[in-house]
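This report concerns only the one structure given below.
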Protein chains: 2
Amino acid sequence: MVERAKRRPRDPEATREVILEAARTLLAKDGPEGISLSEVAHLAGVNRGTAYQHFETREKLIKATADWVSDKLFLAVFGDPATVGERRVEEVDVAELTDRLSDFAMDNPELCRVWLMQLLASPDPGADPFWREYCGSLERFAATEMAAPDVDAEVLAVINLAGAFLWPVWARAHAEGAPQRVQLARRFADECLRLSLYGSMRPEAFPDVAERVAKGPRPMSRRGRADS
Amino acid sequence: MVERAKRRPRDPEATREVILEAARTLLAKDGPEGISLSEVAHLAGVNRGTAYQHFETREKLIKATADWVSDKLFLAVFGDPATVGERRVEEVDVAELTDRLSDFAMDNPELCRVWLMQLLASPDPGADPFWREYCGSLERFAATEMAAPDVDAEVLAVINLAGAFLWPVWARAHAEGAPQRVQLARRFADECLRLSLYGSMRPEAFPDVAERVAKGPRPMSRRGRADS
DNA sequence: GCAATAGGCGACAACGCTGTTTATTAAACC
DNA sequence: GGTTTAATAAACAGCGTTGTCGCCTATTGC
């Protein structure tokens, strides 16, 4: 009955996955900064040296986790990546999409935050699949007649995602139990949709602001970003 | 020429301030998690024991810094707290306010994030002066005829602040120099105002979403939060 | 089968932070 | 003056993390 710490069967892929899974668990619990390679290795039931072999540094481990989150986000919000490419912007159900984003954020608050921070700090956000699709579809939508004129899709995407991924922090601090959390998620989604439809200020009451915001002579004109 | 590490004149208030200042510097540089009491004490030129005397733990130091940020935010966005109480919601210049918020966020990205996280995670946000005024004025505004109907001020406040304080992360990663950063700050403020005025989707094109969002029979009805 | 490869393991040394405690100094206050 | 107390210095034990070894051995590929 000598419990030899039996050596894990030599399977790099699987080992890497165990480590990643442990990393996810800890990241989801303690957030991006309360995590160490040692801890992860311990939880994964893997030698620390082994963990170092797969992920040279903590940063790379976090990056890898963020990539995983991006995929899950994609799946949860847009569905199967294989079938998404064919979908046209016009047929997307915005309310559904908002709900799914809000729900996923509520279910994985820390992981989403990790992903968001990685993305925002990245010099090349276009490399991220979820961002690519989210911002991209927003841009495509902005070009349609269904969208308000002069939308800055990139900024709007950041605003939406920032709200969606920080709201859970508030929600967790204020919700007593699971049902309340569901309600708060819904409340966010509702306000998000309401804001998208009507804004928060009546334009008639703010002629000067309206003038400032109007970028071109005609409502549908493209807004200029690169003007010095 | 013996450089005795000359003892700091006995002035608790001043010492506390030196420590806080050092904490701010480090927080602004490394963010909330890359900070230690030792480091702060060292930078402040204060004995570690002294630092521990003023702030028992790292958390309390961060909390104290967040409080300071709240005050500065208030000053930068709303102006002198003494004269604010008298101002009526109708006479607030929203564009000015948005610009000031955006600028302050761009100038103090990490500090703002520290504050925001503290606030969101706090069970009693109402204790924070800036949040009190920001969310409060939004609520008061929402009650006027100048606002769109059915605004959920609390959610909207979180969305706005989350956007304002996370946008700088994106901006820093993409701006080459100071002028570009100014431009990006402006771009955020513009989109923020545009969104507030017009939303992003034409309501006529989304009748079902509009129906979902319409909470009451009449447009001005109060939305129900506490319905089970 | 057998050897080589490399995945996985255990141990080492070094570092930094945390808290807490002691004793000492010196400024400030009455 | 004498008391109070902020500030300093020094040391402690304890913890967790970081890197970096060399060894072991199961798996793979011949």
Side-chain angles (χ1 to χ4, degrees), chain A residues 1-66 110 114 117, chain B residues 1-66 68 110 114 117-118:
Chain A
M1 273 278 295
V2 189
E3 34 185 339
R4 289 274 299 117
K6 41 180 166 293
R7 166 183 297 230
R8 163 176 311 278
R10 175 180 177 175
D11 184 344
E13 298 258 325
T15 303
R16 187 189 156 91
E17 191 46 46
V18 191
I19 298 174
L20 272 176
E21 195 181 324
R24 265 175 253 145
T25 307
L26 289 179
L27 278 177
K29 191 162 62 69
D30 302 329
E33 310 294 348
I35 201 184
S36 72
L37 253 177
S38 309
E39 219 178 343
V40 172
H42 180 68
L43 175 61
V46 163
N47 188 282
R48 213 162 52 82
T50 303
Y52 270 98
Q53 229 163 10
H54 286 271
F55 307 92
E56 303 157 24
T57 155
R58 208 191 72 191
E59 291 309 315
K60 298 203 176 174
L61 179 59
I62 294 181
K63 176 68 173 59
T65 306
E110 298 289 343
V114 171
M117 284 327 235
Chain B
M1 271 292 277
V2 189
E3 35 185 338
R4 291 273 300 116
K6 42 179 166 297
R7 167 184 296 235
R8 162 176 313 279
R10 177 181 177 171
D11 185 344
E13 298 260 325
T15 302
R16 189 188 155 91
E17 190 45 47
V18 189
I19 298 173
L20 272 175
E21 195 181 325
R24 264 175 253 145
T25 307
L26 288 179
L27 278 176
K29 190 163 61 72
D30 301 329
E33 311 293 349
I35 202 183
S36 71
L37 252 177
S38 308
E39 219 179 342
V40 172
H42 179 68
L43 176 61
V46 164
N47 189 284
R48 206 163 59 87
T50 304
Y52 269 98
Q53 228 163 12
H54 286 269
F55 306 92
E56 302 157 24
T57 155
R58 207 191 74 192
E59 291 308 315
K60 298 203 177 173
L61 179 59
I62 294 182
K63 176 69 173 60
T65 305
W68 180 89
E110 297 289 343
V114 171
M117 284 325 225
Q118 286 278 135

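Owing to the predicted nature of the structure, the values given are computational and were not obtained by experimental measurement. Reminder, nothing fancy here: chain letters follow the sequence lines and each chain counts from 1.
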All N/O donor-acceptor pairs, side-chain side in residues 51-59 of chain A, below 3.5 Å, sequence neighbours left out:
from    : atom 1 : to      : atom 2 : distance (Å)
A:Glu56 : OE1    : A:Lys60 : NZ     : 3.0
A:Thr57 : OG1    : A:Glu59 : N      : 3.1
A:Arg58 : NH2    : A:Glu33 : OE1    : 3.3

Solution key, residues 39-47 of chain A side-chain donor-acceptor pairs under 3.5 Å, sequence neighbours excluded:
from    : atom 1 : to      : atom 2 : distance (Å)
A:Asn47 : OD1    : A:Gly49 : N      : 2.6

Could you check which residues of residues 48-66 of chain A get a heavy atom under 4.0 Å from DNA chain C? Sort them by number, please.
-> A:Arg48, A:Thr50, A:Gln53, A:His54

How many Å lie between CG on A:Asp11 and C1' on D:dT25, as a whole number?
-> 16 Å

Stepwise side-chain contact (heavy atoms from CB on, under 4.5 Å) test for B:Thr65 and B:Val114 | CA-CA 9 Å; B:Thr65 305; B:Val114 171; 5.6 Å; no

Side chain A:Asn47 and base C:dG10 donor-acceptor under 3.5 Å | yes

Rounded distance in Å - CD (A:Glu17) to P (C:dG7) | 17 Å

Run the side-chain donor-acceptor check on residues 15-32 of chain B: report pairs under 3.5 Å with partners two or more places apart or on a different chain.
from    : atom 1 : to      : atom 2 : distance (Å)
B:Thr15 : OG1    : B:Asp11 : O      : 3.0
B:Glu17 : OE2    : B:Arg24 : NH2    : 2.5
B:Thr25 : OG1    : B:Glu21 : O      : 2.9

Pairs touching residues 43-52 of chain A that satisfy salt bridge (Lys or Arg N to Asp or Glu O under 4.0 Å), sequence neighbours left out = none

Check the distance between C:dG8's C1' and A:Glu13's CD and give it to me in whole angstrom.
-> 16 Å

Sorted by number, residues from residues 30-46 of chain B placing a heavy atom under 4.0 Å from DNA chain C are B:Ser36, B:Leu37, B:Ser38

Just how far, in rounded Å, is P of D:dA9 from CZ of B:Arg8?
-> 11 Å

